[in-house]
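All chains are named by letter (A, B, ...) in the order of the sequence lines, taking the proteins before the strands, and each is independently numbered beginning at 1.
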2 protein chains.
Amino acid sequence: MRLTRAGEYAVRCVLYLAKQGRGVLVSRKEIAAQADIPGQFLAKIAQQLARQGIIEILQGASGGYRLLLAPERITLLEVVETVIGEIFLNDCVGRPESCPNSTVCAVHRVWCRTQQQLRNSLDQVTFADLASEELGTPPTPGACCAENPPPPEKDLPGPA
Amino acid sequence: MRLTRAGEYAVRCVLYLAKQGRGVLVSRKEIAAQADIPGQFLAKIAQQLARQGIIEILQGASGGYRLLLAPERITLLEVVETVIGEIFLNDCVGRPESCPNSTVCAVHRVWCRTQQQLRNSLDQVTFADLASEELGTPPTPGACCAENPPPPEKDLPGPA
DNA sequence: TGATACAAGATCAAAAAAGTCTTATTTACT
DNA sequence: AGTAAATAAGACTTTTTTGATCTTGTATCA
C-alpha cells in the first residue's frame, strides 16, 4: 500500500530535470548521482518516461535525458502511474472479474470513490509547483504531517 | 499500491458479522465458507481484529467470532489498518529518516496531505453504512467507477 | 574508429504476501 | 473424567513482487 521505489525514483528524476529547466540536457550519470538513484535502474525508469512522452532520451556520447514537456503540464499522478501503472486501492476495482458481485458490493463502491479522489489529488500537483516550492519557499514550518494528525483514534472501549 | 488480501479478508469478515448483527456468534468455518476466506488465514486475521477490540473470539466447542462493537462505530479505515498497519503512500512519510530532507521536500508534503485525505475518507465509512447499503438498496445502477472515470488523460502532444 | 553514453532484455536476489502445517489449549457434551 | 469440536499461536513454505544488476547491442561524437 505504498509507492514503490521505482515510482519514487521517477518523481526524483523528473523533479531534478524540472529544476534544471525544460529542454536542458542532463546525463544519466548526473541525475543518478544527484538524485541518488541506481544508474541502471534509472535507465529503465527513464525509458518508461520517454515512452510516455514526458522526457526525451538522447543516445551516444554526450547523450542524456531532458524534459520534453513544460513542468506545468506534468502532474505527479502522471509520473507515478507511468511507472507503477494505474493506482488501484483494491484488486476488485482494477479487475472486476476478481469480485463477482462488484455491482452489488458496497465496499467496492467505496474503494472506487476513494481511489478517484486520491488520483485526482495527485493529478492536481504539477512539477512546476514542486520545483518552485522547493527552490523558493523555505520549509513552511509545520505545513506537513505534524499539523495533519491521523484521524483521531476512535475511542474504543477496549477489548472486553 | 493496493490493499492486501489480508485487508480485504478482514473487511469481508467484519462485514459478514455486521450483517448477522452485533453480538451474534458465528463459527469461523461459516465465515470462511460464506465470505470465501481460507480458514487458517482467517484465524490469524481474526486474532488481530480481536486484539483491536473489534470482535470477540470464543474458544472451545461451539466457539466462534462475534462483533463486539456496534457496526456504526467501526470504520473501514479501522479494520483495514488493524490488519495492514497504518496506510502510507510513501516510505518517506512513514519513516522520515528515510528521506533526510523531508522538511524541505515539496513532494513529501504532497504525500502527507494526500495520505491524510485518503485515510479520512476511509474513516468516514462505517460498517453500518456498508451493511445496510448492501442489504437494502439495490445496486444503484452505475453509481460506481464507470460514472467516475479516471482524471481525464492529459492531452500529451505525444513523444516528439 | 574507438571511447562514451544509452537501450533492452535476461537474470538474480531479497523482501513481502499468501497460505499451510503443527502443536497446544479451551470448551461442550456424555 | 474423557472425548470431540473449536480456536490459538507460531513456525514454515510457496508464490509474487520489487529492486537491482549483468550482458550484449546500438548510437553519437571526437
Side-chain angles (χ1 to χ4, degrees), chain A residues 1-13 17 25-33 35-52 55-66 68 80 82-92 94-95 98 159, chain B residues 1-13 17 25-33 35-52 55-66 68 80-91 94-95 98 159:
Chain A
M1 190 64 151
R2 83 172 88 83
L3 192 64
T4 64
R5 224 148 239 280
E8 166 76 19
Y9 290 159
V11 171
R12 283 193 213 167
C13 171
L17 287 174
L25 184 67
V26 184
S27 78
R28 186 180 72 185
K29 193 173 290 183
E30 175 180 338
I31 302 174
D36 194 31
I37 306 172
Q40 301 268 30
F41 203 1
L42 174 55
K44 287 215 291 198
I45 293 165
Q47 282 155 38
Q48 295 180 279
L49 293 172
R51 245 175 270 137
Q52 186 71 17
I55 68 171
E56 184 184 25
I57 299 179
L58 298 193
Q59 277 190 239
S62 79
Y65 305 150
R66 69 178 163 205
L68 206 54
V80 167
T82 291
V83 170
I84 70 176
E86 184 173 339
I87 292 175
F88 289 124
L89 292 182
N90 193 346
D91 231 33
C92 74
R95 298 182 304 173
S98 80
Chain B
M1 189 64 151
R2 84 173 88 84
L3 192 63
T4 65
R5 224 143 235 282
E8 167 74 19
Y9 290 158
V11 171
R12 284 193 212 167
C13 171
L17 287 174
L25 184 66
V26 185
S27 78
R28 185 181 72 186
K29 195 172 288 185
E30 176 181 337
I31 302 175
D36 194 32
I37 306 173
Q40 302 268 31
F41 203 0
L42 174 55
K44 288 213 291 196
I45 292 165
Q47 282 155 37
Q48 296 180 278
L49 293 172
R51 244 173 273 138
Q52 188 71 17
I55 70 172
E56 183 183 26
I57 300 179
L58 298 192
Q59 277 190 237
S62 81
Y65 305 150
R66 68 178 165 205
L68 206 54
V80 167
E81 292 201 335
T82 291
V83 169
I84 69 175
E86 184 174 340
I87 291 175
F88 290 124
L89 292 182
N90 192 345
D91 231 34
R95 299 182 304 171
S98 80

To the nearest angstrom, how far is B:E30 atom CD from D:dA5 atom P? 18 Å

Using OP1 and OP2 only, check whether a side-chain N or O of A:Y9 sits under 4.0 Å from D:dT18. no

Close side-chain approach of A:I55 and A:R66, heavy atoms under 4.5 Å: no

Kindly indicate, with the supporting measurements, whether the criterion side chain to side chain contact (heavy atoms under 4.5 Å, CB included) is fulfilled by A:C13 and A:I45. CA-CA 9 Å; A:C13 171; A:I45 293 165; 5.7 Å; no

By side-chain hydrogen bond (donor to acceptor under 3.5 Å, both in side chains) - contacts of B:E30 (at least two apart): B:Y16

If you define the side chain from C-beta out and look only at heavy atoms, does anything of A:I87 sit under 4.5 Å from B:R2? no

When you measure from the side chain of A:E8 to the backbone N and O of A:T4, does any donor-acceptor pair fall under 3.5 Å? no

B:L89 side chain reached by A:L3 side chain, heavy atoms, under 4.5 Å: no

With sequence neighbours excluded, residues passing ring pair (Phe, Tyr, Trp, His ring centres under 6.0 Å) with B:Y9: B:F41

Given C:dA17, D:dA20, D:dA8, identify the nucleotide with an atom nearest to the side chain of B:T4. C:dA17

Of B:Y65 and A:R5, the one whose closest nucleotide on DNA chain D sits nearer the 5' end is B:Y65

Spacing between B:I84 atom CD1 and C:dA18 atom C1', to the nearest angstrom: 15 Å

Could you walk me through whether B:I31 and B:S27 satisfy the side chain to side chain contact (heavy atoms under 4.5 Å, CB included) test, starting with their C-alpha distance in whole Å, then the side-chain angles of each, then the deciding distance to 0.1 Å, before giving a yes or no? CA-CA 7 Å; B:I31 302 175; B:S27 78; over 6 Å; no

Check DNA chain C against residues 38-48 of chain B and give the residues with a non-hydrogen atom under 4.0 Å, in numerical order. B:P38, B:Q40, B:F41, B:K44

From CG of B:L3 over to P of C:dA16, roughly how many Å is that when rounded to an integer? 18 Å

Measure the distance from CZ on B:R51 to P on D:dA8 and round it to the nearest whole Å. 10 Å

Please list, pair by pair, any protein nitrogen or oxygen found under 3.5 Å from a nitrogen or oxygen in nucleotides 28-30 of chain D.
| from | atom 1 | to | atom 2 | distance (Å) |
| --- | --- | --- | --- | --- |
| D:dT28 | O2 | A:A61 | N | 3.2 |

Test log, rule side chain to side chain contact (heavy atoms under 4.5 Å, CB included), inputs B:E56 and B:Y65: CA-CA 6 Å; B:E56 183 183 26; B:Y65 305 150; over 6 Å; no

Rounded to the Å, how far apart are B:E56 CD and D:dA8 P? 11 Å

Rounding to an integer number of Å, can you tell me how far A:D36 CG sits from D:dG19 C1'? 14 Å

In whole angstroms, the gap separating P of D:dA5 from NZ of B:K29 amounts to 9 Å

In whole angstroms, how far is the P atom of D:dT7 from the CD1 atom of B:I37? 13 Å

